[in-house]
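Reading through the structure tokens given below for one structure.
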Amino acid sequence: PIYVQVPGSFGSQANPNSSITPGDVLTNAATIDNKGLEFSARWHDNITKNFSYFIGGNMSLNKNRVVNLNGGLPIFDGNINGYFTTETKAGYPIGSFFMRQVIGVFQSPAQVDAYVDKNGNRLQPGAQPGDFIYKYSPDGTLDTAYLGSYLPKLYVGLSGGITYKSFDFSIDIYSNIGNQVYNGKQQARVATKDNIEESVATGYWTPQNHSNTQPSANGGNLPASSYFLSSGTFVRINNIMVGYTVPQRVLKRQKVITDCRIFINTQNPYTWKKYSGFSSELPGSAPTNAGIELGTYPTTRTFAFGLTLGI
């Protein structure tokens with residue numbers, strides 16, 4: 001089906017700044033519009049008496065847009081180390097990532113001095129070799145841009161299975177495509193002894209290793225930027241099951257067990273993703289801060305063996 005959702009309201013906490021009503025109150029902060037397309041299909045066929053199969057899938061396209069804000073002012077969220085990572089404003093998806101853009105790493109003091117605006121003023125006068133180069137407009141204004149949102153453009157689900165005599169096999173796969181996620185735990189190192197990702201630990205800038213993508217060693221209090229932003233696209237195997245049903249001709253040899261099935265099952269055995277963090281599924285505490293990884297626990301893998309008996 002094709003759906004067009006009538007614009008609805010998004011609730012948010014607001015402080016009325018009143019001695020009569022202390023604390024926050026819930027208010028309609030914005031009007032949100034969703035438009036999309038959903039499709040699903042399933043096919044089952046018996047090839048022979050002993051062999052059958054099925055295959056199914058579903059797809060969902062969605063476009064989210066903030067129509068207007070009640071009060072007109074954008075909603076900032078996703079505060080990390082004093083830097084907001086998301087902004088909700090009219091014309092963009094809810095909880096969009098707005099931040100400075102990294103365009104390289106300074107390699108020498110001469111490069112720092114040469115990075116100037118149209119009037120010859122140095123744009124990052126306090127920078128050192130190994131620091132990020134941020135994008136500025138010609139007039140010297142820091143270029144903060146829309147860099148995507150956590151909301152995927154496409155959701156896809158696939159399932160399939162086969163049965164051959166007493167054996168059965170099934171698999172379930174899920175994917176979301178076309179969104180962005182923010183590695184907040186990489187930006188917000190609470191202590192210098194906190195773990196860091198391997199790519200940072202082995203590839204950071206040094207006078208001998210002139211990386212143009214990794215900065216020099218730092219205490220983890222960098223401004224919010226595109227450096228911490230990554231594709232949230234992933235494909236995950238949700239479930240795989242292999243089973244064997246004991247034939248009735250075998251069970252008839254005794255009178256206690258009427259049905260018996262043995263199976264092996266695994267959940268979340270593997271995920272293909274570009275993101276270097278623990279998980280690309282980051283709903284957040286509110287739609288305005290979704291897609292930010294801070295204290296997220298990794299998706300667990302489960303392997304199980306089971307026996308189903310009927311008596």
Side-chain angles (χ1 to χ4, degrees), residues 74 76-87 89 92 95-150 178-233 273-278 280 282 289 291-294:
F76 296 92
D77 207 342
N79 188 337
I80 301 176
N81 290 342
Y83 297 98
F84 289 107
T85 58
T86 70
E87 186 176 344
K89 61 182 180 180
Y92 295 91
S96 293
F97 292 112
F98 281 87
M99 59 192 65
R100 62 187 69 192
Q101 302 172 77
V102 172
I103 57 175
V105 176
F106 286 115
Q107 304 297 319
S108 66
Q111 188 180 10
V112 176
D113 293 338
Y115 192 44
V116 296
D117 63 16
K118 63 181 182 180
N119 298 316
N121 301 311
R122 288 193 298 172
L123 293 172
Q124 293 179 233
Q128 301 292 326
D131 289 350
F132 279 135
I133 305 173
Y134 297 111
K135 184 178 180 181
Y136 285 78
S137 61
D139 63 0
T141 304
L142 185 64
D143 191 353
T144 301
Y146 166 68
L147 300 178
S149 78
Y150 174 67
N179 65 324
Q180 300 291 313
V181 291
Y182 191 83
N183 197 337
K185 64 177 177 54
Q186 187 178 3
Q187 179 192 356
R189 292 176 59 202
V190 179
T192 56
K193 294 182 179 179
D194 284 355
N195 292 331
I196 59 176
E197 296 180 7
E198 182 181 4
S199 61
V200 178
T202 59
Y204 62 89
W205 188 95
T206 68
Q208 294 74 38
N209 177 37
H210 283 206
S211 171
N212 201 44
T213 57
Q214 297 290 351
S216 58
N218 59 82
N221 193 29
L222 297 175
S225 72
S226 60
Y227 170 72
F228 302 104
L229 206 60
S230 178
S231 169
T233 296
K273 59 184 177 69
K274 297 180 180 179
Y275 179 52
S276 61
F278 289 147
S280 297
L282 304 164
N289 60 34
I292 302 171
E293 181 176 6
L294 282 171

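Not a single donor-acceptor pair under 3.5 Å links the side chain of Ser96 to the backbone N or O of Ser149. The backbone N or O of Leu282 sits less than 3.5 Å from a side-chain atom of Tyr150, completing a donor-acceptor pair. With hydrogens and angles disregarded, no donor-acceptor distance shorter than 3.5 Å links the side chain of Asn81 to the backbone of Leu222.
The two residues Asn79 and Gly82 have their closest heavy-atom pair at OD1-N, 3.0 Å. Heavy-atom minimum distance, Val181 versus Ser280: CG1-O, 3.7 Å. Across all their heavy atoms, Pro74 and Lys89 have their closest contact at CB-CB, 3.9 Å. For the residue pair Ala188 and Leu294, the shortest heavy atom distance occurs at CB-CD2, 4.4 Å. Shown here for Thr85 and Ala224, the closest heavy-atom pair between the two residues is CG2-CB, 3.8 Å. Contact detail for Ser226 and Met99: the closest heavy-atom pair is N-SD, 3.9 Å.
Annotation: Lys273, atom NZ; neighbour count of heavy atoms from other residues, nucleotides and ligands within 6.0 Å is above 12. Counting non-hydrogen atoms of other residues, nucleotides and ligands closer than 6.0 Å to OH of Tyr115 gives a total above 12.
Remark: Phe132 pairs with Tyr227 by the ring-ring contact (aromatic ring centres under 6.0 Å, His included) rule, at least two apart or across chains.
How far CG of Leu147 is from OG of Ser225: 9.5 Å, rounded to the nearest 0.5 Å. Here the straight-line distance linking atom OG1 of Thr233 with atom CD of Gln180 works out to 8.0 Å at 0.5 Å rounding. Here the CZ atom belonging to Phe106 is positioned 11.0 Å from the CG atom belonging to Asn212, to the nearest 0.5 angstrom.
Contact check for Trp205 versus Pro129: side-chain heavy atoms found under the 4.5 Å cut-off. Between Asn183 and Ser276 there is a side-chain heavy-atom pair separated by less than 4.5 Å. Phe228 has its side chain out of reach of Ile292: every pair of non-hydrogen atoms, C-beta onward, lies at least 4.5 Å apart. Side-chain atoms of Tyr134 and Val102, non-hydrogen and from C-beta on, do get closer than 4.5 Å to each other. Proximity of Asp131 to Ser216: side-chain heavy atoms (C-beta onward) are separated by under 4.5 Å at one or more points. Proximity of Gln214 to Val105: side-chain heavy atoms (C-beta onward) are nowhere separated by under 4.5 Å. In this structure the side chain of Asp143 never reaches within 4.5 angstrom of the side chain of Tyr136, judged on heavy atoms.
By the 4.0 Å N-to-carboxylate-O rule, Arg122 lies close enough to Asp113 to be salt-bridged with it.
Of the candidates Gln107, Gln124, Gln101, Ile133 forms a side chain to side chain contact (heavy atoms under 4.5 Å, CB included) with just one, namely Gln124.
Using modelled atom types, one finds a donor on one side chain and an acceptor on the other under 3.5 Å when comparing Gln187 with Tyr182. A side-chain donor from one of Asp139 and Ser137 sits under 3.5 Å from a side-chain acceptor of the other.
Between Phe98 and Tyr92, the angle of the ring planes goes over 60°, which puts this pair in the perpendicular group of the 30/60° scheme.
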